[in-house]
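Okay, so here's the structure we're looking at.
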Amino acid sequence: MEKHAEDARRKAMVIDIDMLVPKDHLLRKIEKVMDYDWLYERLNPLSGPN
C-alpha cells in the first residue's frame, strides 16, 4: 500500500516574529513612541476572569 504523506498543517513550527518584521518598518517606529496602557485599561473589563 502507498504511504500517505504527513499532513503539513499538523507540524509544529517555531516562528520568530522579530525576524518577520524588518527593523526599519513603520510599525516598529510607532511602537517605540506609543503608550498602550490606556488601551489595556479600557479593554480589561471586556476580558474574561483572569
Side-chain angles (χ1 to χ4, degrees):
M1 248 189 175
E2 189 175 317
K3 185 176 180 181
H4 294 285
E6 187 175 341
D7 189 353
R9 294 175 294 174
R10 297 187 182 272
K11 289 186 177 181
M13 292 180 66
V14 176
I15 299 174
D16 182 8
I17 293 180
D18 279 333
M19 291 179 62
L20 296 177
V21 180
K23 297 293 181 198
D24 61 344
H25 194 278
L26 176 63
L27 290 177
R28 287 192 184 266
K29 295 175 184 176
I30 292 171
E31 182 182 34
K32 287 181 182 179
V33 297
M34 280 298 296
D35 178 20
Y36 293 103
D37 289 339
W38 65 271
L39 181 62
Y40 298 136
E41 289 174 13
R42 193 130 186 228
L43 294 177
N44 192 32
L46 301 176
S47 65
N50 296 334

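- Applying the 6.0 Å contact sphere to CG of Leu46 captures more than 12 heavy atoms from other residues, nucleotides or ligands.
- Each salt bridge (charged side-chain N to carboxylate O under 4.0 Å, His left out) pair with one or both residues in residues 27-40, not counting sequence neighbours, appears once here: Asp18-Arg28.
- Taken together through direct or relayed side-chain contacts under 4.5 Å among Ile, Leu, Val, Met, Phe, Trp and Tyr, Ile30 and Trp38 form part of one hydrophobic cluster.
- In Met19, the CE atom is not crowded: 12 or fewer heavy atoms of neighbouring residues, nucleotides or ligands sit closer than 6.0 Å.
- Taken together through direct or relayed side-chain contacts under 4.5 Å among Ile, Leu, Val, Met, Phe, Trp and Tyr, Val33 and Leu27 form parts of separate hydrophobic clusters.
- In this structure Leu20 satisfies the side-chain contact (heavy atoms from CB on, under 4.5 Å) test together with Ile15, sequence neighbours excluded.
- The side-chain contact (heavy atoms from CB on, under 4.5 Å) search around Leu39 returns Tyr36, Leu43, not counting sequence neighbours.
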